Amino acid sequence: MSDGIPLFEMRNIAKSYGGVRALEDAQLKVETGRIHAVLGENGAGKSTLIKIMSGVVQPDHGIMRLDGTEMHFTSPKAANAAGIVCIFQELSLIPDLSVADNIAISGAPKRFGLIDRKAQRQFAEEALARAGAEDIHPLALVKDLPLSRRQMVEIAKALGRKPRILILDEATSALTAGDVAKVFTVLKRLRSEGLALLYISHRMQEIDELADDCSVFRNGRHVASYLQGSKSRNEVIEMMIGREYSHVFPPKPTDEKAGAPALEVAGLNWDQRLNNISFQARPGEIVGLGGLDGQGQRELLLALFGVLRGVTGDIAVGGVVQRFSNPRAAKDGATAMALIPEDRKTEGLMLPMSVKDNLTLPALDSLAKAGIIDRQREAQEVDRMVKLLAIKAANLDIPVGALSGGNQQKVVIAKWLMIGPKIVLLNDPTRGIDVGTKQEIYQLLRKLADEGATILFYSTDYDELIGCCDRVLVMYDGSIVRELKGAEITEHALVSSAFSIDETAQQGGRQVG
Amino acid sequence: MTRTLPDFVTRLDKPVLAAFGCIILLLLLGSLYSSSFLSPEYLLQQLQVASFLGLIATGMMLVILLGQIDLSVPWVVTVGGMMSTAAAGWGPMGATLAIPFGILCGMGMGLVSGIGIAYLRVPSMIFTLGVNAVAQGLMVLWTGGFAPQDHATDAMHFIATGRTIFSIPNALFIWGIVAAAAIFVLTRTTFGRAIYAIGNRERAAYLSGLPTQRVMMLAFMTSGGLSAAAGVLLAGYSTKAYQGMGDPYLLPAVAAVVLGGTNILGGRGSYIGTIAGVILITLLQSMLSVMKIDEAGRQLIYGGVIIAMLLVYGRQKKAG
Amino acid sequence: MGDFRYWLAEHKGTLLAFAVFVIMFGVYTGNHSAGFSSMVVMTAANKGVLLALVAMAQTLVVLTAGIDLSVGMIFVLANCLASQMVVGDAGETTLGVICVLGAGVLCGALNGAIVIYGRLQPIVTTLATGAMFYGVALWLRPVPGGDVNSDLADALTDQVYGVPTALLVLLGIVLVIWVPLRRSEVGRAIYAIGSSEPAAYMSGVSIDKARFTAYAVSGLLSACGGLMLTFITYSGEASSSIGGSYTLNSIAAVVIGGVSLFGGAGSAVGAIFGAFVLRTIGDLLFVFDFDPLWQPLFQGVILLGAVTLGSLRLLRLKNRLDLFG
Amino acid sequence: SIAQEVVSGPGAEPECFAPWAKDTKYFQFKKKEGPYRIALANGFIGNTWRIQMIKTAKAYAEQPDVKAKLKEFKVVSTGEDLAAQLAAVDNFIASGYDAIVVNAQNPAAFTPVIKRAKKAGVVLVAFDNTLDTDQAINVNVDQKGLGEYWANWLVKNIPEGGKVLEVRGVEGTSVDRDRHDGIQEVLKASGKPFETVEVVGKWDDGTAQKVTADAIAVHKKFVGVTVQGGSTGTVRALMDAGHPFVPVGGETENGFRKLCAEHAGDGLKCASGGTGPAQVAVAIKTAIAALEGEIIPQSVRLPLATAEDPNFKDGENFYKAESDNFFVGNSFPTCGINFSAQEIMGQSEADQ
Ligand SMILES: Nc1ncnc2c1ncn2[C@@H]1O[C@H](COP(=O)(O)OP(=O)(O)OP(=O)(O)O)[C@@H](O)[C@H]1O
Ligand SMILES: Nc1ncnc2c1ncn2[C@@H]1O[C@H](COP(=O)(O)OP(=O)(O)OP(=O)(O)O)[C@@H](O)[C@H]1O
Ligand SMILES: [Mg+2]
Ligand SMILES: [Mg+2]
């Protein structure tokens, strides 16, 4: 693979944002017919690298060569024209346009200078078929599709541009296992058709399955490139985080939790999307929510947190039946419930506001007397949280949007820890987070539980459920179909119950943890 | 970390400094025309007039920080003026209650706006337009149908035009108090923090357990109250309330807030900037009117200067 | 069948505005002593088309997630210009019309240029340029007056076979300007940037071109409105209150017409019906016997009610997060 | 059988329907049998003058002798939008009203409407903002004459001339222009060294007060003031600035006359002139006369209601206990219209 001119090559690329050095002396070589994985922890510079490749940002210096000729891309359009197409994480779809419009957004078929809708629709249908998403109606609005479908549209859109190099930046992080499998089939087919693919993901098992070559980045520098399979998983992780790595998950306590349940749910129904849900959770327990994506897990968390209207059934906190009409009520007083939302950028954080102001938002009432903020206590609490979660920020007055994804997520968690929550609801909190940070989060969750909090943990990542949870409630179509306990929590059991099919019909899955 | 610097210095960001710079520039240019523009009487006179706009701009800033706008200013100002003078007609009791009653009525209008915008989720751009029309309807009906007393009380006149200490206008003190309160609220209270949070992203603020709808409603109530308070002052200034007294204040209030560096989309801005913006707009209007430029030229210069100033310091970061 | 569902979803706002208008206009003409006569319809059309054109202009800018506070002033400026230029023989009149429309495009282009290259917020930009346009209008026409080619004016404000010509003009403008724009790549880009500008940028959409087009065409449509006003009044007037009221009413019309103030969704056709709805509110004063002092209040309350109508959807709201868009 | 004919004068009731000029033509409409349907198409309503006007119109239509002649009297206010007002007139024509009285939003814009009214045989009478036409009846105030009145009075009271503050109205209106021309021509013709400083008060007390204050801050001292409207505000600004009292020529606001009377002893000399909102009653009366087949001048000149220092009398030409905001010149004795402003504005709906 080292002889001859590579399809695409980057050398000595550097990029700084203000004072932050995102990339320094970075290299990358991409070959046709291969899938190249880019690995690195949050803030390693992966996204910056591919943003440079795809013309979204310009490098401070360094050179890029396509087929041996030097290139400068001043916009995504220019990169597209050269055959480099990038799939950003849910960033490039236009919510109010139809699927077909989105797929054909640049270079739609035309008649008499106007868009030929019929031809465009055909074009979109073909692209969707190539991406294995024939079930998506081309006239549906993107905003009406669930996240995982949108991601498929994104892939179809990229394929519609007939790329030579296709880049996927965490393109699967919002997808369910089933969709991931579909996408993988497509990607493998593209590889065989001679495309070069660049693949960024924090999910190691995906890399294992897909990649041919790997490059690891750390702190904006290229650390190593190697052939997939030539290094063990631990070696790779250690290259990424730059330190020794063991025990992803903290040990689980073996004792059965006793005592009165902190949270009791009985016969919960909502809008035909939550059906007769009943369960209990005790202090010190981490209860997982499993199942395919979109089976009502998010809705369940939102219902508990007082966001949904028209919820019937009983929710008892600490033995007292409650009905929260908004998150404020759920958060306040003896309940002290916290929800770590799904999308940190729109639901968790005010990106332009400072790290400090973001951190203290939920706890503001307790830091204030008669509405006036006690600034000394505020500073103390903020310091405590920054230390506790080891949040890396140049200073606490910079906008939280300038932090890397992982640190942003830590801020979201920290702001809720500040209220001293008794019940913590987690909605897929590790999406797009690197392994190192994930590990810190797992440990934190266990520590919270040991201190007596009750944790309800929804994750799309089976490894996490297996590694972290004392119990897992598997949901299907708005109901809890199965409860797995202790050693019963295996990938096999999770998958089979997720599809709500007979366990014996499933082939045995790999057991991890 | 820059912890050692006092807060108000770090808050004086570039747009604010530029706005103050523009004020000085304007005065210097004006002094070429007539040295009177630099005389203390003229400046104090401008500050007194600026106080009315200052109150309105304070409320406007609150709602702009939320990412909203209040187009009901013109007739809520009138409501404040007319209701306070009407109350003054109800005997000695009415005279004492005149000022609070006027402000209360304005808050009532603001409450309606707040409910429509925060709870019924109608865009503020259009709901406050409707509230403005309703307020106008009410005032026309009130004046024509009920022949109210419209003479300002002595207290109102004194507050609006009197000069108690060092010949500084009382109205300026009122604005000073309101300004101090606004700065305190915006920087030191949970309410202020909530306003910035909602302006940045209401969804995240709601999920953080902030009472977003209540805050929004209260902000509109405050805006209504402050507009009405300006109406009370204006009535005191003219010694009477009259139809249309609020008309000249809507667009200057928005312009003042924006010239002061507050982001029109919400979430960012400091009150010091608004102070600068109010003074800037007041001076600009007054100088153009004194310089005997005809209305056509005045409008051209007024619009041109706003664009020019914003081009100097109000540009957004480039997207992408 | 499946396709129809998507078509319906796309045009829901427009259809709703249309339905509301039909009902209100029905009530109006039903109670009018002259009934649904051609004179009544023509009067309503002449008045409605003006606001409809300005509302269309507003729609274009609102679709890009902006707001244009200068549409009314461009309308007034065009009116003043037309009252000076659209006179004389056929050739001079044609030239005059072209100049007026060109001036509208120029005003819109100025707005667009400042928003794009100056990177100022549309609302502030147009607030300031609106004052400037008004200044120019006042300079052109310090006192009301002027004239217009009355043959052309009469032709465009009369009726043919019982159909008001003003409506035909509006229809022509929709067919010549709106429909092609809606179906062109630039038009789609206008929706795209309104819906999500970063996504549009990432998708390689020509953002500047689309935005510039939106503002320029908006100026053109406002100028069309100003031209029609000249034909209806045979004169020009630099009135800031007319400019202001058309600007504000255009925003109301756009909202009633189902265009999202957040950009990216809605149609100029909806805005047209929104404008007609607003106009019919005023007309209702004729057929119901209101005390004159109650009339402004009545109009205010109806306006408030009309814009609050959309809140009925909240009754069906299941997830409170949907409140925040 | 043309509905509207140009005839030669003299007209009916010449003391009320005074022709504007010697060469003013006369109209005679085909006599119609009463009672009549008359409409008032008002535009803007958001100021006191207009409210007072509408209340006067209603009160006039309620007077027994007038009421007997009316089958219907309808008032519609269409707001600031010119097109809406034109549509209102068209609607009244379509609905078969016999006469329409308008206060035009734009005097130049009614050409097409006048045509249609004429065709339909509808009597169109304009007042206040009258129409730029000789095809419909205008009930006019002599705006330029008002300017001349103020200026003549200033010339008389400031024999040595000096710097005069002129607070103008809404720029771009013919009323503002005519009043301004009247003032300037007389001051110039006086041969005395008058210099004027113009500011724009928009006929609005608050604006007038503000710009007067600005002007005083910059120019320090004036020997006299004319103010087209917002006179109360202008005098307030003089007082607030501690400017010595000088002769002021202003409108007929009650507040202005109150101040003039109150401070007459301190040296405040005033001339107050204008025509009040009651001109609407003259317009209605003209419309009825036209429908009855009387000969009417195309352009009617209204008398000015003036009062000068030292003739301000409480309860006669101003009302101390009443609101500042109404306009006192509210009666036209030669037309038999004798409302006192206080009668109109001092009564609430409930009392009537
Ligand atoms: N626009 C920007 N402004 C300021 N700093 C930035 C910007 N974009 C990236 N950075 C910084 O550059 C560094 C590299 O970021 P980058 O997004 O490339 O990391 P990443 O490897 O993609 O991380 P993740 O795994 O979280 O996606 C980070 O420290 C980040 O904070
Ligand atoms: N304009 C900007 N100003 C400041 N910081 C920015 C800017 N754009 C991006 N960043 C930061 O740079 C980093 C890289 O951005 P990017 O969009 O790749 O997010 P990310 O870390 O990959 O998040 P996710 O994992 O959710 O995709 C993030 O921390 C982001 O917040
Ligand atoms: Mg990244
Ligand atoms: Mg990431």
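Computed from a prediction, not measured in an experiment: that's the story for all the values here. Within every chain, numbering begins at 1; the chains are lettered A, B, ... in the order of the sequence lines, protein sequences first and strands thereafter.
Annotation: C:Arg313, atom CZ; neighbour count of heavy atoms from other residues, nucleotides and ligands within 6.0 Å is above 12. Within 6.0 Å of CZ on C:Phe262 lie no more than 12 heavy atoms contributed by other residues, nucleotides or ligands.
Proximity to chain C is absent for every atom of B:Val305, based on heavy atoms less than 4.5 angstrom apart. Both the backbone and the side chain of B:Val140 come within contact range of chain C, each with at least one heavy atom under 4.5 Å from a heavy atom of that chain. Only the side chain of B:Leu207 comes within less than 4.5 Å of a heavy atom in chain C; its backbone stays farther off. Both the backbone and the side chain of C:Ile251 come within less than 4.5 Å of a heavy atom of chain B. Within the 4.5 angstrom heavy-atom criterion, atoms from both the backbone and the side chain of C:Val301 approach chain B. Contacts between C:Leu248 and chain B at a heavy-atom distance below 4.5 Å involve backbone atoms as well as side-chain atoms. Contact annotation for C:Val255: only side-chain heavy atoms (C-beta onward) come within less than 4.5 Å of a heavy atom of chain B. With a 4.5 angstrom heavy-atom cutoff, C:Ile67 touches chain B only via side-chain atoms. Heavy-atom distances place both the backbone and the side chain of B:Phe127 under 4.5 Å from chain C. When heavy atoms are compared at a cutoff of 4.5 Å, B:Leu259 does not approach chain C at all.
Contact record, C:Leu297 with B:Val134: CD1-O, 3.5 Å, taken as the closest heavy-atom pair. Scanning both residues, C:Leu303 and B:Ala133, for their nearest heavy atoms gives CD2-CB, 4.4 Å. Taking all atoms of both residues into account, the shortest heavy-atom contact from C:Gly135 to B:Ala296 is O-CB, 3.2 Å. Nearest heavy atom pair, residue C:Thr125 against residue B:Ile307, reads O-CD1, 3.8 Å. Smallest separation of non-hydrogen atoms from B:Leu120 and C:Thr308: CD1-CG2, 3.6 Å. Heavy-atom minimum distance, C:Val307 versus B:Val122: O-CG1, 3.7 Å.
Put simply, CD on C:Gln121 and CG on B:Asn263 are 6.0 Å apart, with the number rounded to the nearest 0.5 Å. To the nearest 0.5 Å, the span separating CG on C:Asn249 from CG on B:Leu129 amounts to 7.0 Å. With values rounded to the nearest 0.5 angstrom, B:Arg203 atom CZ is found 14.0 Å from C:Arg320 atom CZ. Note that CG of C:Leu261 and CD1 of B:Ile126 are 7.0 Å apart. Values are rounded to the nearest 0.5 Å. The distance from the CG atom of C:Leu69 to the CG atom of B:Leu251 is 7.5 Å, given to the nearest 0.5 Å. Rounding to the nearest 0.5 Å gives a distance of 6.0 Å between CG of C:Leu138 and CD of B:Glu295.
Between C:Phe324 and B:Arg121 the shortest side-chain heavy-atom distance falls below 4.5 Å. Contact annotation: the side chain of C:Leu323 approaches that of B:Gln213 to within less than 4.5 Å [non-hydrogen atoms, C-beta and beyond]. Contact of the B:Ile69 side chain with the C:Ile123 side chain is registered, since non-hydrogen atoms from C-beta on lie closer than 4.5 Å.
Per-residue heavy-atom pair counts under 4.5 Å with chain C were compared for B:Asp247, B:Val258, B:Ile264, and the maximum is reached by B:Ile264.
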